[in-house]
Amino acid sequence: MGSAVGLCSSPRAWGRGWIIARLLCFAAISWVLMTQMEVGAWTYHYGDKSDYSWEVARNFCRSFYTDLVAIQNQGEIAYLNRVLPRHRTYYWIGIRKINNVWTWVGTNKALTKEAENWASREPNNKGRNQDCVEIYIKRNHDAGKWNDEHCQKKKRALCYQASCQSSSCSQHGDCIETIGNYTCDCYPGFYGPECEHVVRCKNLDPGPDCSHPLGEFSYNSTCKFRCQEGFELQGLDMLQCLASGNWTAEAPECAAVKCPALATPGRGRLNCTHWHGDFTYNSICTFSCEMGFVRNGSETLECTALGQWTGLPPLCEAVKCPVLTTPGRGRLNCIHWHGDFTYNSTCAFSCETGFVRNGLEALECTALGQWTGRPPRCEAVKCPVLDSPDRGRLNCTHRHGDFTYNSTCAFSCETGFVRNGSETLECTALGQWTERPPCCEVVKCPVLDSPDRGRLNCTHRHGDFTYNSTCTFSCETGFVRNGSETLECTALGQWTERPPCCEAVKCPALDTPGRGQLNCTHWHGDFTYNSTCAFSCETGFVRNGSEMLECTALGQWTGHPPRCEVMRCPKLRVLEPILMNCSHPLGSFSYGSVCRFRCTQGYFLNGTSRVRCQPDAHWSDKMPTCQEEAAPYFKQVLLYMGGGAVALVALLLTGMLIALLIKRLSDKEEEKTLLNPTSNLGSPGVFTNATFDSNL
Ligand SMILES: *[C@@H]1O[C@H](CO)[C@@H](O)[C@H](O)[C@H]1NC(C)=O
Ligand SMILES: *[C@@H]1O[C@H](CO)[C@@H](O)[C@H](O)[C@H]1NC(C)=O
Ligand SMILES: *[C@@H]1O[C@H](CO)[C@@H](O)[C@H](O)[C@H]1NC(C)=O
Ligand SMILES: *[C@@H]1O[C@H](CO)[C@@H](O)[C@H](O)[C@H]1NC(C)=O
Ligand SMILES: *[C@@H]1O[C@H](CO)[C@@H](O)[C@H](O)[C@H]1NC(C)=O
Ligand SMILES: *[C@@H]1O[C@H](CO)[C@@H](O)[C@H](O)[C@H]1NC(C)=O
Ligand SMILES: *[C@@H]1O[C@H](CO)[C@@H](O)[C@H](O)[C@H]1NC(C)=O
Ligand SMILES: *[C@@H]1O[C@H](CO)[C@@H](O)[C@H](O)[C@H]1NC(C)=O
Ligand SMILES: *[C@@H]1O[C@H](CO)[C@@H](O)[C@H](O)[C@H]1NC(C)=O
Ligand SMILES: *[C@@H]1O[C@H](CO)[C@@H](O)[C@H](O)[C@H]1NC(C)=O
Ligand SMILES: *[C@@H]1O[C@H](CO)[C@@H](O)[C@H](O)[C@H]1NC(C)=O
Ligand SMILES: *[C@@H]1O[C@H](CO)[C@@H](O)[C@H](O)[C@H]1NC(C)=O
């Protein structure tokens with residue numbers, strides 16, 4: 001323990017009681033040597049009796065003085081270096097490393113950089129724990145500089161005695177020891193030699209809620225500001241009076257709460273009523289939209305106390321029209337000014353080739369959200385409606401509607417009719433058919449003529465000599481049809497058969513009769529209708545039958561054909577004694593027959609011996625008679641007549657008859673007529689024996 005002296009050379013140390021305690025504590029060692037240098041009110045002292053560790057040195061200083069020295073400035077250092085004696089171990093001062101920071105122990109303040117006064121290459125903490133500081137007094141070099149040292153080293157305590165007391169500077173400033181006195185370094189907010197005045201700020205208007213710990217509107221006064229609902233402070237809500245005498249800021253004002261400024265919506269108008277400033281608390285804004293636009297959102301917004309609008313600002317959206325679709329077979333060309341199919345959008349319609357617009361060409365979307373008209377449709381171009389041709393059929397394929405663009409119609413005709421014109425027509429984009437429609441014309445057959453000698457009776461259903469015409473053939477009297485009676489015109493334009501012809505009716509061919517001639521006249525062919533045939537016979541022959549035959553319409557001759565029969569002379573009969581020998585080249589007692597006569601014995605021939613049958617059926621001469629020497633007449637007759645009983649009777653009768661005849665021979669002609677009225681001796685014929693006999 002060192003020589004902590006200083007019994008009270010500084011009566012105005014810190015607290016009285018504290019000092020008294022010290023006095024009691026160190027009374028016993030009051031004799032200890034002590035060196036004292038007084039520098040004004042602040043005096044420096046050192047214990048020169050012994051050296052102490054830093055702690056003990058500090059206790060020493062605090063027991064007898066104020067504390068270990070706290071170096072204030074260079075002047076102080078120079079002073080100490082000048083007045084203190086050199087000591088081998090130098091002097092401890094009041095700096096110590098606390099928590100690794102060099103700290104003034106008296107004030108417990110950290111050593112500032114400016115205040116440092118280290119010797120060169122110090123502090124070096126050599127050997128560790130050099131936590132305490134000594135000052136080199138009167139050292140050869142680095143005199144007055146500091147060095148860190150181990151706190152247990154023993155050195156002189158360099159103490160000071162302060163002039164400051166706890167009440168110095170009104171406790172509102174640092175009491176700074178000066179040489180012999182102290183000065184006050186007032187804390188901020190205080191001024192005056194003893195820091196007895198507090199800085200004042202200017203008074204604030206009444207209203208704020210203030211606390212004045214140091215005086216009305218003085219340093220450290222704080223004032224809190226508040227505003228009514230809907231308003232907010234412009235600035236700090238609390239002001240404090242600064243040491244400078246200024247408030248921390250201008251006194252705030254209450255401004256109406258701001259809402260975000262609203263912009264006029266596109267295509268709209270904004271009409272705001274502001275009570276407290278633009279777009280602030282209680283401002284009311286009404287939105288409206290231009291024509292053709294509608295508000296989407298609230299009409300009115302109000303700025304609330306929270307600085308928010310009661311809703312989102314509305315938008316002006318273009319009025320929507322119904323969406324238009326591209327018409328079938330057409331195109332849509334829209335110009336949208338404000339969005340698809342909205343106000344002022346214009347849409348133009350056009351149609352594909354072959355289609356025409358039915359409706360307006362262009363539509364516009366009005367402000368009412370309606371189009372200026374109904375959307376048009378594209379309709380297929382129409383061609384004239386086609387009808388089935390007479391006697392024909394129509395088979396149409398309609399792609400886009402009856403008889404419209406691209407419709408194709410195929411024509412066909414009924415059996416027996418042919419198409420004149422194109423088979424197929426197509427409706428073009430111009431609304432015309434590719435060609436005129438064809439017509440069905442009836443199939444024609446070759447024209448038929450009436451056959452020669454005939455008639456034609458045709459029934460024409462569809463025109464002269466055309467399909468289904470039927471022609472009936474008939475022939476004149478005397479003519480017959482060779483071929484079908486009826487022909488029909490077929491669908492192929494041909495008659496069902498060759499036309500018939502009228503051929504004259506045939507009669508059986510006539511032959512030239514034997515011993516005769518045939519002389520025919522044929523008008524229509526041999527032995528046919530109206531042929532006439534004349535028959536004639538050779539000399540000596542006579543026709544038995546009609547001289548003329550005619551072929552009738554029935555194919556028959558008007559009679560049987562005649563024959564040529566030889567001329568017969570009267571049959572000659574002779575009786576004994578006449579003998580007769582005849583030759584008959586052509587028939588008995590006919591033309592050419594020659595009879596010779598002779599008489600039996602005893603008779604002589606009276607007359608010609610030979611008669612010939614002439615072509616006129618007369619014997620060339622009278623029969624001769626055989627006369628007996630007395631050639632009785634009836635003997636001859638008997639001879640001529642022949643024998644027999646019958647002959648005998650006949651002879652009797654004949655005899656009477658002859659007698660009668662002879663009596664009348666004077667008039668032969670009359671008797672002949674009387675006998676055979678039909679006979680004509682002058683003409684050829686057949687004579688009975690009776691007539692022949694009567695003629696004799
Ligand atoms: C010491 O200083 C105080 C204030 O600075 C002053 O009032 C006083 O008179 C001074 N004392 C002397 C002896 O100078
Ligand atoms: C002033 O106010 C500050 C902060 O409120 C406080 O630290 C300080 O001690 C006050 N000073 C006085 C003198 O009251
Ligand atoms: C205090 O206010 C005055 C006037 O308003 C100004 O000139 C001065 O610079 C202010 N002082 C400080 C420290 O702000
Ligand atoms: C705005 O609104 C007010 C009140 O509603 C009305 O009197 C005024 O004419 C409006 N102004 C416009 C430009 O519409
Ligand atoms: C209004 O706007 C909202 C958001 O932009 C949208 O969803 C809504 O469909 C709109 N209403 C009308 C009617 O257009
Ligand atoms: C709508 O169209 C008309 C005429 O085309 C034009 O005068 C007007 O300005 C347009 N309006 C808008 C909002 O586009
Ligand atoms: C019409 O023509 C079509 C195609 O060419 C065919 O299929 C159809 O059978 C025809 N119809 C008649 C009634 O001919
Ligand atoms: C019309 O017909 C032509 C030719 O047959 C074809 O190329 C075209 O595509 C058709 N058009 C329509 C719209 O049917
Ligand atoms: C087809 O009809 C036209 C006029 O209608 C006519 O001139 C032409 O001769 C007819 N063709 C035939 C083969 O009938
Ligand atoms: C033709 O025939 C029809 C019916 O077959 C008949 O009525 C008509 O009289 C005939 N015409 C002639 C001139 O024969
Ligand atoms: C043609 O004749 C036949 C048979 O006689 C008959 O069935 C048909 O209907 C006729 N056709 C016409 C077009 O006259
Ligand atoms: C009909 O005429 C043909 C030739 O034209 C002929 O051959 C045929 O014999 C004739 N028929 C009759 C019965 O005359």
Side-chain angles (χ1 to χ4, degrees), residues 166-175 184-192 194-201 210-224 236 238-248 265-268 287 289 292-299 301 311-323 326-331 338-343 345 350-357 365 367-369 377-383 396-410 424-434:
S166 59
S167 60
S168 300
C169 301
S170 313
Q171 294 184 328
H172 289 316
D174 284 333
C175 183
C184 287
D185 182 7
C186 294
Y187 296 139
F190 297 91
Y191 66 96
E194 283 288 335
C195 302
E196 68 272 29
H197 302 299
V198 62
V199 169
R200 275 189 67 100
C201 288
C210 297
S211 74
H212 306 291
L214 302 174
E216 283 246 308
F217 302 111
S218 301
Y219 173 61
N220 261 15
S221 284
T222 56
C223 288
K224 288 199 172 108
L236 300 174
M238 192 181 80
L239 295 189
Q240 189 172 12
C241 182
L242 298 175
S244 66
N246 286 350
W247 292 99
T248 43
R267 299 290 171 184
F287 293 85
C289 293
F293 293 82
V294 285
R295 189 171 18 79
N296 180 357
S298 303
E299 182 180 5
L301 295 188
L312 287 173
L315 295 175
C316 283
E317 293 176 348
V319 168
K320 283 192 173 59
C321 279
V323 171
T326 304
R329 299 291 173 187
R331 283 175 296 275
H338 310 296
D340 286 0
F341 305 107
T342 57
Y343 177 57
S345 284
S350 58
C351 293
E352 286 178 12
T353 306
F355 293 82
V356 285
R357 191 172 16 78
C365 182
L368 299 175
R377 285 181 304 144
C378 284
E379 292 178 350
V381 168
K382 282 194 172 56
C383 280
C396 292
T397 308
H398 302 298
R399 289 204 169 74
H400 309 295
D402 285 0
F403 303 105
T404 58
Y405 176 56
N406 264 14
S407 285
T408 53
C409 288
T424 305
L425 300 189
E426 190 172 340
C427 182
T428 66
L430 299 175
Q432 293 166 344
W433 295 101
T434 43

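Just so you know, ligand 1 is whichever comes first in the structure, and atom 1 is the first atom listed for that ligand.
- For ligand 8, the atoms closer than 4.0 angstrom to any heavy atom of His400 are 12 (C), 13 (C), 14 (O).
- Of all protein heavy atoms, the one lying nearest to atom 1 (C) of ligand 5 is Asn296 ND2, 1.3 Å.
- In this structure, atom 14 (O) of ligand 5 has a protein heavy-atom contact shorter than 4.0 Å.
- At least one side-chain heavy atom of Ser211 sits under 4.5 Å from a side-chain heavy atom of Thr222.
- In terms of protein heavy-atom proximity, atom 5 (O) of ligand 8 is closest to Glu426 OE2, 4.4 Å.
- For atom 6 (C) of ligand 2, the closest non-hydrogen atom on the protein side is Asn220 ND2, 3.9 Å.
- Close approach of ligand 2 to Leu214 is summarised as follows: ligand atoms under 4.0 Å from at least one heavy atom of the residue are 12 (C), 13 (C), 14 (O).
- Polar contact with ligand 5: absent for Lys320 (N/O pair, distance under 3.5 Å).
- For ligand 8 and Arg329, the ligand atoms under 4.0 Å from any heavy atom of the residue are 13 (C).
- A side-chain donor-acceptor contact under 3.5 Å links Ser244 to the backbone of Asn246.
- The backbone N or O of Glu216 sits nowhere less than 3.5 Å from a side-chain atom of Ser221 that would complete a donor-acceptor pair.
- The proximity of Phe190 to ligand 2, defined as any non-hydrogen pair under 4.0 Å, is limited to the side chain.
- Val319 and Ala367 make their closest contact through CG2-O, 3.4 Å (heavy atoms, listed as atom of the first residue, atom of the second, distance).
- What sits closest to atom 12 (C) of ligand 8 on the protein, heavy atoms only, is Asn406 ND2, 3.2 Å.
- By the definition of a contact as any protein heavy atom under 4.0 Å away, atom 9 (O) of ligand 5 is not in contact.
- A distance below 2.5 Å between sulfur gamma atoms is not met by Cys169 and Cys175.
- Under a 3.5 Å cut-off, the side chain of His398 and the backbone N or O of Ser407 do not form any donor-acceptor pair.
- Checking side-chain atoms of Glu196 against main-chain N and O of Glu194 turns up a donor-acceptor pair under 3.5 Å.
- Distance screen at 4.0 Å: atom 3 (C) of ligand 5 has a protein heavy-atom neighbour inside the cut-off.
- His212 contributes a side-chain N or O that, together with a main-chain N or O of Phe217, makes up a donor-acceptor pair within less than 3.5 Å.
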